[in-house]
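Here is the structure we will look at.
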Amino acid sequence: MEMLCTLRSTTEPQRQALFKAPKALEPFLEDEEDFGDAKGAAFLELDIGEAWHGLQYLLTGTAWEGRPPLDFLVRGGEDVGDIPSDEGTARVFDAPSVKALAEALKQVPVQSLRQRFDPAKLQAEDIYPGTWDEEEELEEDVDPLEELLSYFVELQKFTAAVAKRGLCLLVHIG
């Protein structure tokens with residue numbers, strides 16, 4: 001089963017509604033439920049696919065730990081519902097946390113991420129998807145580091161936009 005990561009803005013009323021009705025998470029993610037919040041219907045979303053764990057490692061130097069707020073892809077925020085661990089996670093961050101995250105991401109130099117990238121270490125740490133040191137024949141030349149850095153830039157832009165709007169953030173891996 002692929003473990004893909006989606007980040008989505010939420011309003012504070014939507015964040016609170018998700019705590020009260022965690023079974024509405026899937027319809028919420030599929031745009032079938034907005035909890036009657038017209039402002040929330042104009043959400044921002046970023047799909048970082050399988051890059052989430054590689055980004056976690058580049059941002060923190062660890063697979064599952066790190067210092068807040070840069071460990072946000074795998075930790076922090078508040079859990080939404082009771083999702084079995086093998087089915088992923090869903091966590092929400094309030095607006096002040098998103099603002100702190102956007103500021104922290106803005107301060108991360110791309111060069112430090114480049115220096116941290118080591119396919120052998122990512123493989124040894126079992127960083128998902130676990131294909132870091134494989135020499136595959138790809139239809140397109142895809143450089144794993146450049147792909148992660150591209151997602152990082154998108155992540156910076158996305159969190160800055162969410163913070164600027166004063167919104168909350170849902171991080172869903174599943």
Side-chain angles (χ1 to χ4, degrees), residues 1-60 63-64 66 68-102 104-106 126-131 138-140 142 144 147-174:
M1 180 174 124
E2 285 184 317
M3 296 297 284
L4 307 176
C5 181
T6 301
L7 298 100
R8 180 175 170 167
S9 67
T10 72
T11 62
E12 180 59 28
Q14 287 176 325
R15 187 177 82 90
Q16 293 299 325
L18 283 167
F19 292 134
K20 292 176 184 166
K23 291 184 190 243
L25 175 64
E26 189 173 337
F28 179 75
L29 288 169
E30 293 175 1
D31 306 330
E32 296 168 0
E33 173 65 76
D34 65 9
F35 301 106
D37 188 338
K39 182 179 177 190
F43 62 89
L44 300 173
E45 187 171 70
L46 177 64
D47 178 3
I48 60 172
E50 294 180 332
W52 61 272
H53 209 194
L55 287 169
Q56 157 69 18
Y57 186 83
L58 294 185
L59 288 169
T60 67
W64 301 105
L70 294 179
D71 63 347
F72 78 105
L73 290 169
V74 299
R75 297 173 24 147
E78 297 176 76
D79 289 337
V80 174
D82 187 18
I83 300 172
S85 62
D86 62 342
E87 292 183 26
T89 63
R91 292 167 294 107
V92 288
F93 296 81
D94 62 18
S97 298
V98 175
K99 186 174 182 181
L101 171 61
L105 287 171
K106 188 167 83 172
D126 200 24
I127 303 299
Y128 184 80
T131 55
L138 301 173
E139 290 180 25
E140 298 178 37
V142 177
E147 184 176 32
L148 287 174
L149 294 178
S150 175
Y151 277 119
F152 171 70
V153 170
E154 291 304 311
L155 198 55
Q156 285 179 311
K157 291 176 188 175
F158 175 77
T159 56
V162 173
K164 184 177 181 179
R165 292 184 183 187
L167 297 171
C168 303
L169 177 66
L170 170 73
V171 177
H172 178 257
I173 299 174

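The shortest side-chain heavy-atom distance between Thr10 and Leu167 does not fall under the 4.5 Å cut-off. With contacts defined as side-chain heavy-atom distances shorter than 4.5 Å, the pair Asp126/His53 does not qualify.
Nearest heavy-atom pair across Ser97 and Asp94 is OG-OD1, 2.7 Å. Taking all atoms of both residues into account, the shortest heavy-atom contact from Leu101 to Pro69 is CD1-O, 3.5 Å. Taking every heavy atom of both residues into account, Glu33 and Ala24 meet most closely at CG-CB, 4.3 Å. Listed here is the closest heavy atom pair of Pro22 and Gly81: CB-CA, 3.3 Å. Scanning both residues, Ala95 and Gly166, for their nearest heavy atoms gives CB-O, 3.6 Å. Shown here for Met3 and Gly88, the closest heavy-atom pair between the two residues is CE-CA, 3.5 Å.
In terms of the side-chain hydrogen bond (donor to acceptor under 3.5 Å, both in side chains) criterion, residue partners of Glu50 (sequence neighbours excluded) are, by chain and number, Tyr128.
Expressed to the nearest 0.5 Å, how far SG of Cys5 lies from CG of Leu155 amounts to 8.5 Å. One finds the CG atom of Leu59 at 13.0 Å from the CH2 atom of Trp52 (value rounded to the nearest 0.5 Å). Note: Glu154 CD to Gln156 CD = 9.5 Å, rounded to the nearest 0.5 Å. Here CZ of Arg91 is found 9.0 Å from CG of Leu169. Values are rounded to the nearest 0.5 Å. Summarising the geometry, atom CG belonging to Leu4 is positioned 10.0 Å from atom CD1 belonging to Ile48; distances are rounded to the nearest 0.5 Å. How far CD of Glu26 is from CD of Glu30: 4.5 Å, rounded to the nearest 0.5 Å.
Annotation: ring-ring contact (aromatic ring centres under 6.0 Å, His included) contacts involving residues 149-174, sequence neighbours excluded, are absent. Note on residues 10-48: pairs passing ring-ring contact (aromatic ring centres under 6.0 Å, His included), not counting sequence neighbours, are Phe28-Phe35.
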Test side-chain contact (heavy atoms from CB on, under 4.5 Å) on Thr6 and Leu46; report intermediate values, then the result. CA-CA 6 Å; Thr6 301; Leu46 177 64; over 6 Å; no
Are Asp31 and Arg8 close enough, and set up right, to give a salt bridge (charged side-chain N to carboxylate O under 4.0 Å, His left out), and what steps lead you there? CA-CA 11 Å; Asp31 306 330; Arg8 180 175 170 167; 3.0 Å; yes
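Under a 3.5 Å cut-off, the side chain of Arg15 and the backbone N or O of Leu170 do not form any donor-acceptor pair.
Leu44 pairs with exactly one of Thr159, Val162, Leu7 by the side-chain contact (heavy atoms from CB on, under 4.5 Å) rule, that one being Val162.
Counted by atom type alone, Thr11 and Asp37 present one or more donor-acceptor pairs between their side chains at under 3.5 Å.
Around atom CZ of Arg75, more than 12 heavy atoms belonging to other residues, nucleotides or ligands sit under 6.0 Å away.
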